[in-house]
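Worksheet: the structure to be examined is printed underneath.
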Amino acid sequence: MNKLHYLLLLYLFAHCGVTLEATTKDPPNIIVIFCDDLGYGDLACFGHPTIATPHLDQMAAEGMKLTQFYSAAPVCTPSRAALMTGRLPMRNGMCSNKRRVLFPDSKGGIPATEITIAEQLRQAGYATACIGKWHLGHLQPYLPTNNGFDYYFGIPYSNDMDRVNDAPKNRLAFFKPKVEYWNVPLMRNEEIVERPANQTTITKRYTEEAIAFIQSKKDQPYFLYLPHSMPHVPLFRSKEFENKSLRGLYGDIIEEIDWSVGQVLDAVRQSDDAKNTLVFFTSDNGPWLIFNEQGGSAGLLRDGKGSTWEGGMREPTLAWWPGKIEEGSVSRQVASTMDIFATASKLAGVKVADDREMDSYDLMPVLMGGQGDRPALFYYRGYRLMAVRAGDWKMHLMTQNAYGQPDPVTHESPLLFNLHIDPSEKWDVSKENPEVIAQLQGIIKTHKKNAIPAESQLEK
Ligand code: MG
């Protein structure tokens, strides 16, 4: 499709009931690189002392580091649903208090009534591809190809599912992983092309697929969603990265992802659209700490994956757009993966549907170095609202460790932390700040008026 066809397409959309908001003369390509269980402290540019991430460090030097950027949930499925839809998972049922994610025996998935970011961008003529871990339903109606993506290649759920019966019991399989212990499928569009997926080359193959997609798009804007299966356990890397990192196996995995980011950015740099491509790098949730040295690190943040303490949801995030985002900039604005939906929609000139509650705010003011529009951030675990953040304050209504504590503790008198002063959430200052508690209670009251839970897809 050349530019003239593209403009014609926009004209047709404009006269077929699709409202185009902003100028769409030259909408940017958008790439979202999404890790699985990467911790806030796992990149050199976020302070890790022994994991080498030169390509991510360069991405940070050429773009923006976001130090207060969050996923919308502390586990995979709800987090991904929120990224895809710009909505809290409780609004579309992609969460549960019983089963935290989708499993191979799950019958549910992302509801057809949801509008994904890919469906949104398709309205503006974008080519779309999902390469990697999906985890929003592996049955036919829920696959990426039925949710706005022209192309899919990847493992449709977590790489530790479909464990075979004779694999070593408990966590032993994870500490000496072999490909054949997990019978996970690798899919191309709607077909299984390999089973078990050879996970040792999975990062490399996702990268090759991503580069081929970028190189194939000459005259059409594109949206590439690249959700890596790693560093979710079991940890696998290709030959070239074996025993490479001072951090051991987990470090090898991150260093291969870092290589992959370098390859993807090089493909963009070499394309005609180098100056018109916005790339995000982030993760779905914090590190899986119960796997000890096989899990990552949340750095100075408390707890990890599964928890609504900061380590469960604050992600090491980078944004890169040469010529637009100031080189080497840092934003401390509170922002969310859900905001990518509104940002991409605005850049593509596609109106966000107004028939539903959205939780997405345009990030461009933040990426341009200014103040964000997001007034508050809500921390959910399943359907439970656990905490809220506004500005530098975070208030916990309930707390629960990621693992080993079966029920949450409800705080009749909520806990309060100043995250600028106390990012590790060590010192409760609620007693000294009753007016802040009252203000945050007010924010929750307003939020709850429009927070209507949908039936769980994870319990089907
Ligand atoms: Mg995850």
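Each residue takes its place number in the sequence, starting with 1. If you're wondering where the values come from, they're calculated on a predicted model, not measured in any experiment. One-based numbering, in listed order, for ligands and for the atoms of each.
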Completion exercise
Which atom of D36 is nearest the Mg ion (ligand 1), counting N, O or S only? It is OD1
Practice task
Return the set of residues passing side chain to side chain contact (heavy atoms under 4.5 Å, CB included) with D160 (not counting sequence neighbours), or none when no residue passes.
Solution key: S158, F174, W182, H232, P234, W288
Practice task
Please name the pair of heavy atoms, one in D284 and one in D36, separated by the smallest distance, quoted to 0.1 Å.
Solution key: OD2-OD1, 2.9 Å
Exercise for the section: Please check if the distance between the ring centroids of H396 and Y379 is under 6.0 Å. Expected result: no
Exercise for the section: Confirm or rule out an N/O/S atom of S283, from backbone or side chain, lying less than 2.8 Å from the Mg ion (ligand 1). Expected result: no
Problem - Ring centres under 6.0 angstrom apart (F103, Y157) - result: no
Practice task
Determine which of the N, O or S atoms in D37 is closest to the Mg ion (ligand 1) and give its atom name.
Solution key: OD1
Fill in the blank from the handout: With rounding to 10 degrees, C76 SG, the Mg ion (ligand 1) and D284 OD2 define an angle of 80°
